[in-house]
Amino acid sequence: MGTSISKLLHSQNPTSSGVTDWDVAFLNPSTVGVPDIKRGLIILNQPFSLKLLEILWTTCSWHCCADGGANRLFDLLKEDEQGDLRSQYIPELIKGDLDSLRADVREYYSAKGVPVIRDQDQDSTDLMKCVHTLQKKEEAEGQEYEIIILGGLGGRLDQTVHTLSYLYKLRRMRGNVFVVTDDNVSWVLDKGKHRIRIDHDTLGPTCGLLPVGVDSTLLTTTGLRWNLDAVESSFDGLVSTSNHLLPEEPFITIQTSRPIWWCVELRQHG
C-alpha cells in the first residue's frame, strides 16, 4: 500500500511515551463513546455465530467475503420471525479464486448487486486478495481502515498458520488488524511496550502470549495473574498460555523484545 496511507495516524500508533495503546471496544455493542473508526470486515470460510456476526457487522462500514466465506454467511442467515435475515447482511464484495463458492450462493448475492470477483493469482490466498482490494479502497479514500478478520484461527492447520504468518508480515505495512472467532480475539504486538484496555464484560479470563515467528523474545508484563519479568519465551522454552486477566485491573501492559501474538478469550455472547 502507498507510503502516505501507511503513515496515517491510527489508534495503534505509539504515544509520546513510547507505549502503544490497544482497545477492542468494538466487541462490546453496549460501549458508549467508541471512536468513529473506519473498519473493514473480511469473512473467511469458517463457522461463526449470528451474535458475533451482528456485533462485527455493525462496527464495520465495509464487508467482504473471501470465497467460501460467502457460503458461511448465506447458510447462517435464514428466514425467521423477523423476516429474511440474508437481506440485512449484504456484503460489498465477494472475492477469491472461487473454488469454494457455491452456485446458489453466487446467484443470490449477484442478484443483490454484489460484485463477485475471481482472482486466480496462485501466489496469494483469498484473504490476501481481499486485503489487497481494501488497500486500493484506502488509497482512493486517503485513509486507513482497521481490519477485522472473522475466522482464520480454526479448522485446517495450514490455514491457521497462514493467518499467523500473514498478519505477522502485515504489521510492517499497516496498523490495527484483528482476528476474531467466537472463542478469541488475537493480534500481533510488535516489539516494544503495549498497553491494552480490558473490558472484563467482553474479555477473559484466559489469555496467552505466543512467540510465533521468532526464535525467542523477552517478555515483561503487568496486570496478569502470572506476570513475567524479563522472561525469555520461545517454542523451545517457556510459552505463556492459559494465563489469566485480573478482574480488578482495567489495563495490562506487555513489553516484548520481538513481535509476538497476543490472544484473549471472548466471554460468551448473551
Side-chain angles (χ1 to χ4, degrees), residues 9-28 31 34-35 146-149 152-154 157 160-268:
L9 293 177
H10 42 67
S11 61
Q12 186 259 348
N13 275 345
T15 64
S16 58
S17 62
V19 178
T20 301
D21 284 318
W22 297 89
D23 194 342
V24 290
F26 62 82
L27 287 167
N28 188 344
T31 299
V34 177
E146 285 189 353
I147 296 179
I148 300 175
I149 299 168
L153 295 179
L157 179 59
T160 296
V161 171
H162 166 66
T163 302
L164 296 173
S165 171
Y166 184 46
L167 266 68
Y168 185 91
K169 298 167 186 172
L170 276 180
R171 84 184 196 282
R172 303 190 188 102
M173 297 179 283
R174 60 180 307 119
N176 301 3
V177 184
F178 303 97
V179 182
V180 184
T181 69
D182 279 287
D183 299 313
N184 305 278
V185 57
S186 306
W187 65 92
V188 178
L189 302 178
D190 211 345
K191 64 180 180 180
K193 188 170 183 178
H194 303 263
R195 181 174 61 179
I196 304 171
R197 191 183 76 83
I198 302 298
D199 177 358
H200 291 282
D201 291 334
T202 304
L203 303 177
T206 58
C207 58
L209 295 162
L210 311 178
V212 178
V214 297
D215 50 0
S216 67
T217 185
L218 291 177
L219 293 175
T220 298
T221 67
T222 66
L224 300 177
R225 184 170 302 279
W226 296 284
N227 281 309
L228 305 170
D229 185 7
V231 173
E232 183 176 15
S233 175
S234 71
F235 264 31
D236 200 31
L238 180 141
V239 178
S240 180
T241 62
S242 301
N243 211 323
H244 279 187
L245 305 174
L246 291 176
E248 67 273 15
E249 295 288 348
F251 294 92
I252 67 166
T253 67
I254 300 167
Q255 185 160 345
T256 178
S257 63
R258 302 286 300 280
I260 58 166
W261 269 84
W262 158 255
C263 61
V264 59
E265 183 181 14
L266 289 187
R267 295 191 182 275
Q268 292 300 307

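Numbers here are sequence positions counted from 1.
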Counting only N and O atoms by type, is there a donor-acceptor contact under 3.5 Å from the side chain of [X] to the main-chain atoms of [Y]?
| X | Y | result |
| --- | --- | --- |
| Q255 | T220 | no |
| T181 | N184 | yes |
| H200 | E248 | no |
| N227 | L224 | yes |

Dump the intermediate steps for side chain to side chain contact (heavy atoms under 4.5 Å, CB included) on T206 and H244, then the final yes or no. CA-CA 5 Å; T206 58; H244 279 187; 3.4 Å; yes
Heavy-atom pair of closest approach, residues [X] and [Y]:
| X | Y | value |
| --- | --- | --- |
| T163 | G152 | OG1-O, 2.9 Å |
| I198 | E249 | CB-O, 4.2 Å |
| Y168 | P259 | CE1-CB, 3.6 Å |
| K169 | M173 | O-CE, 3.9 Å |
| W262 | C207 | CH2-CB, 3.5 Å |
| L228 | S240 | CD1-CB, 4.2 Å |

Less than 4.5 Å apart, side chain to side chain, heavy atoms only: is that true for [X] and [Y]?
| X | Y | answer |
| --- | --- | --- |
| T20 | D190 | no |
| N243 | R225 | yes |
| P205 | R267 | yes |
| L210 | T241 | yes |
| L266 | D182 | no |
| I254 | L209 | yes |

Check step by step if side chain to side chain contact (heavy atoms under 4.5 Å, CB included) holds for V24 and L203. CA-CA 9 Å; V24 290; L203 303 177; 3.8 Å; yes
If I take atom [atom1] from residue [X] and atom [atom2] from residue [Y], how far apart are they, to the nearest 0.5 angstrom?
| X | Y | atom1 | atom2 | value |
| --- | --- | --- | --- | --- |
| W226 | T221 | CH2 | OG1 | 12.0 Å |
| R171 | N176 | CZ | CG | 14.5 Å |
| L170 | I149 | CG | CD1 | 7.5 Å |
| F26 | T202 | CZ | OG1 | 10.0 Å |
| L218 | K191 | CG | NZ | 13.0 Å |

Evaluate the side chain to side chain contact (heavy atoms under 4.5 Å, CB included) criterion for residues W187 and I196: first the C-alpha distance (whole Å), next the side-chain angles of each, then the deciding distance (0.1 Å), finally the verdict. CA-CA 12 Å; W187 65 92; I196 304 171; 4.0 Å; yes
Parallel, tilted or perpendicular, judged at 30° and 60°: which one describes the rings of W22 and F178? perpendicular
Side chain to side chain contact (heavy atoms under 4.5 Å, CB included) with H194: of D21, T253, I252, L189, only one passes, and it is L189
Mind running side chain to side chain contact (heavy atoms under 4.5 Å, CB included) on R258 and D215 for me, showing each step along the way? CA-CA 9 Å; R258 302 286 300 280; D215 50 0; 2.9 Å; yes
Regarding S257 and T217, do their side chains bring together a donor and an acceptor under 3.5 Å, going by distance alone? yes
